[in-house]
Amino acid sequence: MTQPLPNSLSRMRLLPLFPLALLAMAFSTPLAAQGTSSWRPEETARLQAVLDSAVASSLPISPLRFKVAEGNVKGAAPERVIVVVRSLADAMREARMILGREESETELVSAAAAIQSGVSAETLRNLFGSLRIRSASTQVFVALTDLTQRGVPVSEGASTLMQLARAGAGAPAFEQLRNEIAIDVSSGLAARTAVRRRADDYLSRGFTPQGSVFRSPSP
Amino acid sequence: MMSDVDDKIAPTVADAMRHLRPPAEPDDEQVAAIVGAVRRDRRTRLWSGVTLAAAAALVLMLVRPGSRQAELPVPDIVARSVVFEIDAPDAHRVALVGDFNAWDASAHPMTASAGRWELSVPLTPGRYTYAFIVDGESWRADPTASLASADDFSRPNSVVVINPVSTPMTSTSVRQ
């Protein structure tokens, strides 16, 4: 007859499962917290299936939950919310194929947003590949989405951003571009004109090793 | 020489010794059970050791920025104060909603000064979608920020990206 292990050792067996338990707790936030308490059970179940599928694919869940909360506060019908959340999950899966497994959640969501705004996977892959400073990926994806939303054709916006990326533009430069285009557009300039002018200006000034735009034209 | 006490004890011990049996040899089943228990104990200790070693390594990597930064990104949890502003001179109330407050319209009411509504919110690095709700019904994007992807719910959104501390921010609305 064997003696059972002491309780302390039995508990130690569970230690490797502790991180998994934490993850499970993080993912098991009740959907009601996102404002779905008034949904019908079958709607909640369908949404939960989308979230479970995302968890199974190791996708981050918080962007999907934010989307649910956004849909609810904007008064969208549950059916619409489910469609939008599924679409975001699909875009994140596609983005992951492009970025690889080392991407951050911010990069992934930014790339997914670009895909949802109509940027093809090939364009996104080329843009990502043109970056000399890898940490600029989030800013460049957000910039491309912004340009697309402002009516700049995807091919034109992507081509300009790739030009900047190859010249050494980093996150600060792309962020500056986004901010300045927003100002230009709000003062009445067309987005296509604004992006071309700003990009030409940046290229003439050059970039620091950290990816910022030089304050004055490079000698 | 034995004392009286020894004389009294000695026979008692001797009697007891006579009743003791030599230790019995364990049979094969008992040996197998003992070996199994020891092995399970070793495996448990090994798992515990591996877990503790992994936790220690993680802690070391997190508390030693610089040495392994190139291989493993250190979580950047330093929040920056981001000032959100919007002009709405006729509004009675404006709320800021977004990913950072789970789109809770009551979480971040803005304050007005001469028709300009303003609010400072600490945000950790990341990408956040947000919008303004004017007087509880009118949704407005931030005119000074980038637009979010095609709006899914027929209301405009803006995007703010908070760079890690190692990356400088160029936006004037970010106060460190």
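A, B, ... follow the sequence lines: proteins, then strands. Residue 1 opens every chain. FYI, side chains are in, hydrogens and waters are out, and symmetry mates aren't considered; it's all heavy atoms of this structure.
Heavy-atom distances place both the backbone and the side chain of A/Val81 under 4.5 Å from chain B. The contact between A/Val73 and chain B is made by backbone and side chain atoms together, counting heavy-atom distances below 4.5 Å.
A/Glu70 has its side chain within reach of B/Asn157: a pair of non-hydrogen atoms, C-beta onward, lies under 4.5 Å apart.
No donor-acceptor contact under 3.5 angstrom links the side chains of B/Arg127 and A/Thr106, judged on distance only.
Separation of atoms CZ (B/Phe100) and CZ (A/Phe66) is listed at 10.0 Å; rounding is to 0.5 Å. Rounded to the nearest 0.5 angstrom, A/Leu147 CG and B/Ser146 OG are separated by 8.0 Å. Atom CG of B/Asn163 and atom CZ of A/Phe174 lie 12.0 Å apart (nearest 0.5 Å). Once rounded to the nearest 0.5 Å, the distance linking CZ of A/Arg80 with OG of B/Ser154 reads 7.0 Å. Taking OG1 of B/Thr129 as the start and NZ of A/Lys67 as the end, the distance is 6.0 Å to the nearest 0.5 Å.
For the residue pair A/Gln116 and B/Ser149, the shortest heavy atom distance occurs at OE1-OG, 4.2 Å. When every heavy atom of B/Pro156 is checked against every heavy atom of A/Lys74, the shortest pair comes out as O-NZ, 4.2 Å.
One N or O on the side chain of A/Asp146 and one on the backbone of B/Leu147 form a donor-acceptor pair closer than 3.5 Å.
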Practice item. Could you give me the CA-CA distance, side-chain angles and deciding distance for B/Phe153 and A/Val84, then say whether side-chain contact (heavy atoms from CB on, under 4.5 Å) is met? Key: CA-CA 8 Å; B/Phe153 302 113; A/Val84 168; 3.7 Å; yes
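A 6.0 Å sphere centred on CZ of A/Arg197 holds no more than 12 heavy atoms belonging to other residues, nucleotides or ligands.
Most heavy-atom pairs under 4.5 Å with chain B, from the set A/Ala113, A/Ala136, A/Ser87, A/Ala77: that is A/Ala113. Per-residue heavy-atom pair counts under 4.5 Å with chain B were compared for A/Ser186, A/Gly170, A/Gly75, A/Ala182, and the maximum is reached by A/Ala182.
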